[in-house]
Student: 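Could you have a look at this structure, given as structure tokens, before my questions?
Index from 1, following the sequence.
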Amino acid sequence: MKKVAIFPGSFDPFTMGHHDIVIRSLKLFDELIIGIGYNSTKQNRYFDIDMMVSKIEDVYKGIDSVKVIVYNELTSTLAKKHNASYLVRGLRNTTDFEYENTISQMNRYLNEDLETVFLITSPNYAAISSTVIREVHRYGGDISKFVPYKI
């Protein structure tokens, strides 16, 4: 049976840390769906979602096992629609774990066939967060070392 995983997130922007998780996930799963979701707690995106889809698709051009989609529903429902049995999440620190653990338990409650796989962020990417990258970009700083595409 094909192992399909979803890597959900707002990806505003998609960072080198996210890229690291994707590359490592490809060793574990037959197909990885990068799901760009609308987070109800984040009212306005900084980077246009269509631009971000295009940038991420360009990064994985030629890798047929990676798909990029946009969704506006529960991640557990999305997983059922795509026959995905796994969610992939990256963890930078214990704060990430506390947050992700709660979400993982709710996803499992909503879809008992869904397992969340946590990957510890590689040390060289642990300090990268989309929030910090947005702030650096907003004030004219160079973010080229922190994203796997050109802005």
Student: Is there a side chain to side chain contact (heavy atoms under 4.5 Å, CB included) between M52 and R45? Walk through the geometry before answering.
Tutor: CA-CA 11 Å; M52 195 53 50; R45 290 187 61 89; 4.1 Å; yes
Student: Rounded to the nearest 0.5 Å, what separates atom CG in N83 from atom CD in E31?
Tutor: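 Between atom CG of N83 and atom CD of E31 there are 9.5 Å.
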Student: Could you tell me which non-hydrogen atom of N111 sits nearest to which non-hydrogen atom of K80, and how far apart they are?
Tutor: ND2-CG, 3.3 Å
Student: Grab the two heavy atoms, one from A79 and one from I6, that are nearest each other, plus how far apart they are.
Tutor: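 Smallest heavy-atom distance, with atoms named: CA-CD1, 3.5 Å.
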Student: Please walk me through it: do S130 and H18 pass side chain to side chain contact (heavy atoms under 4.5 Å, CB included)?
Tutor: CA-CA 10 Å; S130 292; H18 296 131; 3.4 Å; yes
Student: If you group Ile, Leu, Val, Met, Phe, Trp and Tyr by side-chain heavy-atom gaps below 4.5 Å, do V53 and I63 land in one group?
Tutor: yes
Student: Hey, what do you get for OG (S104) to CD (E115), rounding to the nearest 0.5 Å?
Tutor: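 These two atoms lie 8.0 Å from each other.
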Student: About how many Å separate CD1 of I33 and CG of L87, when rounded to the nearest 0.5 Å?
Tutor: 10.5 Å
Student: Between S122 and N124 (side chain of the first, backbone of the second, donor and acceptor by atom type, cut-off under 3.5 Å), is there such a pair?
Tutor: no
Student: Would you say I69 ends up clustered with F11 if hydrophobic residues are merged whenever their side chains have heavy atoms under 4.5 Å apart, either directly or through other cluster members?
Tutor: no
Student: Working to the nearest 0.5 Å, report the span between CZ of R134 and OH of Y139.
Tutor: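 Answer rounded to 0.5 Å: 12.5 Å.
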Student: Grab the two heavy atoms, one from L26 and one from S65, that are nearest each other, plus how far apart they are.
Tutor: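 Heavy atoms only, the tightest pair is CD2-OG, 3.6 Å.
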Student: Locate the shortest heavy-atom distance separating L32 from S25; write the atom from each residue and the value.
Tutor: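 Closest pair (atom of L32, atom of S25, distance): CD2-CB, 4.0 Å.
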Student: Looking at T15 and V147, would you say the former's side chain and the latter's main chain have a donor-acceptor pair under 3.5 Å?
Tutor: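 No: the side chain of T15 does not pair with the backbone of V147.
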Student: Quick one, D96 and N93 - any side-chain contact, counting heavy atoms below 4.5 Å?
Tutor: yes
Student: Any link between I21 and V59 through a network of hydrophobic side chains (Ile, Leu, Val, Met, Phe, Trp, Tyr) touching at under 4.5 Å?
Tutor: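 Shared cluster, yes.
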Student: Does V117 belong to the same Ile/Leu/Val/Met/Phe/Trp/Tyr cluster as I23, with side-chain heavy atoms less than 4.5 Å apart forming each link?
Tutor: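 Per the 4.5 Å side-chain linkage, V117 and I23 are co-clustered.
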Student: For a 4.5 angstrom cut-off between non-hydrogen side-chain atoms, does T77 reach K81?
Tutor: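 They are in contact (side-chain heavy atoms under 4.5 Å apart), so the answer is yes.
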Student: Quick one: pull up NZ in K2 and CG in D30 and give me the separation to the nearest 0.5 Å.
Tutor: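 The distance works out to 7.0 Å.
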Student: Verify side chain to side chain contact (heavy atoms under 4.5 Å, CB included) between F47 and F14, making sure each step is shown before the conclusion.
Tutor: CA-CA 10 Å; F47 290 98; F14 187 86; over 6 Å; no
Student: How long is the span from the CG atom in L114 to the OG atom in S85, to the nearest 0.5 Å?
Tutor: 7.5 Å
Student: Looking at D12 and Y46, would you say the former's side chain and the latter's main chain have a donor-acceptor pair under 3.5 Å?
Tutor: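 Yes; at least one donor-acceptor contact below 3.5 Å.
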Student: I want to check something: taking the side chain as every heavy atom from C-beta on, are K55 and M51 in contact at a cut-off of under 4.5 Å?
Tutor: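 Touching, per the 4.5 Å side-chain cut-off.
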Student: For K150 and S144, indicate whether the former's side chain and the latter's backbone hold a donor-acceptor pair under 3.5 Å.
Tutor: no
Student: Run the ring-centre check on H19 versus Y60 and record whether the distance is less than 6.0 Å.
Tutor: yes
Student: Take L28 and Y86 through the test side chain to side chain contact (heavy atoms under 4.5 Å, CB included) and record every step on the way to the result.
Tutor: CA-CA 10 Å; L28 303 172; Y86 305 95; over 6 Å; no
Student: Please name all residues satisfying side chain to side chain contact (heavy atoms under 4.5 Å, CB included) with R89, sequence neighbours left out, ordered by chain then number.
Tutor: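 Per chain and number, R89 pairs via side chain to side chain contact (heavy atoms under 4.5 Å, CB included) with F7, P8, E100, T116, F118.
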Student: Counting only heavy atoms not in M106, do more than 12 fall under 6.0 Å of its CE?
Tutor: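 Incorrect, the count does not exceed 12.
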Student: Is there a chain of hydrophobic side chains (I, L, V, M, F, W, Y, each step under 4.5 Å between heavy atoms) that links V4 to V70?
Tutor: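 No, separate clusters.
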Student: Does I133 reach the side chain of I143, with side-chain heavy atoms less than 4.5 Å apart?
Tutor: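 They are in side-chain contact.
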Student: Side chains of F146 and V136: closer than 4.5 Å at any heavy-atom pair?
Tutor: no
Student: Restricting to non-hydrogen atoms, name the atom on V88 and the atom on L119 that form the minimum distance, rounded to 0.1 Å.
Tutor: CG1-CD1, 4.2 Å
Student: Considering all heavy atoms of both residues, which atom of Y125 and which atom of G17 are nearest to each other, and what is their separation?
Tutor: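 That would be CB-CA, 3.8 Å.
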Student: Has R24 got a side-chain atom pairing as donor or acceptor with I120's backbone, closer than 3.5 angstrom?
Tutor: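 Side chain of R24 to backbone of I120, a donor-acceptor pair under 3.5 Å: yes, one is there.
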